[in-house]
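First the structure, in the form of structure tokens, and then the observations on it.
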Amino acid sequence: MTHHPTLRETLDTIIRRIPDFPKPGIVFRDITPLLADPARFTQAIMAMLGPWRGAGITHVVGIESRGFIFGAPIALGLEVAFVPVRKPGKLPHRVEREEYALEYGTDALEMHADALGDGARVLVVDDVLATGGTARATARLIERLGGEVAGFAFLMELTALGGRELLPGRRVESLLPT
Ligand code: AMP
């Protein structure tokens, strides 16, 4: 009998691993072959948003920049607002900013201060959960703006890096835990 690969097996094959990018020791997960395959890309989006149907989501927050690519179609699929979280200096209106520690130094993320209305229940979307620092900073930003974080949807989760431990008590769904 022929083996019909599961969506996870297919995605695992289609997402390229690029060793030592952008620096030695990092195995970069390159999603561009997935984006070039509309049938698979659609399946990935549907599988990412599936667990959140009926969860009362009002906003999808996508994290710059690959979180935009997955977050925007997920927002459309759930028929809710899409909100970008960006690197400093990119958003034109009044912003709220959250700084967070990196291995060396700090980084920051910004969101428009008026992006979430009263009663916002937010799904955070990104392509990869690695150490979890970016996701945690995004959750803090949303909560400072009065939103409730319903949970996180990732395409991939690098489980060895323990990102979930920075998100205790949060609902975290990842399509491809590796
Ligand atoms: P972190 O804050 O460590 O969880 O890093 C998450 C951010 O870095 C996400 O926006 C990812 O897109 C990106 N990222 C981290 N590690 C990788 C990797 N191995 N391949 C591709 N993107 C990564």
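Whatever order the structure lists ligands and atoms in, that order sets their numbers, starting from 1. Residues take their numbers from the sequence shown, with the count starting at 1.
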Enumerate the protein residues lying less than 4.0 Å from ligand 1, judged by heavy-atom distances, in chain and residue-number order.
V27, F28, R29, R66, D126, D127, V128, A130, T131, G132, G133, T134, L158
Does any donor atom in the side chain of E9 or H3 lie under 3.5 Å from an acceptor atom in the other side chain?
yes
Take I69 and L35, measure what side-chain contact (heavy atoms from CB on, under 4.5 Å) needs, and give me the verdict at the end.
CA-CA 9 Å; I69 297 172; L35 305 181; 3.5 Å; yes
Exam field: side chain H112 to backbone H93, donor-acceptor pair closer than 3.5 Å:
yes
How would you list, by chain and number, every residue that makes a ring pair (Phe, Tyr, Trp, His ring centres under 6.0 Å) with Y100, sequence neighbours excluded?
none
Between R86 (side chain only) and I63 (backbone N and O only), is there a donor and an acceptor less than 3.5 Å apart?
no
Evaluate the criterion side-chain contact (heavy atoms from CB on, under 4.5 Å) for residue pair F70 and L155; output intermediate values, then yes/no.
CA-CA 8 Å; F70 293 91; L155 180 69; 3.8 Å; yes
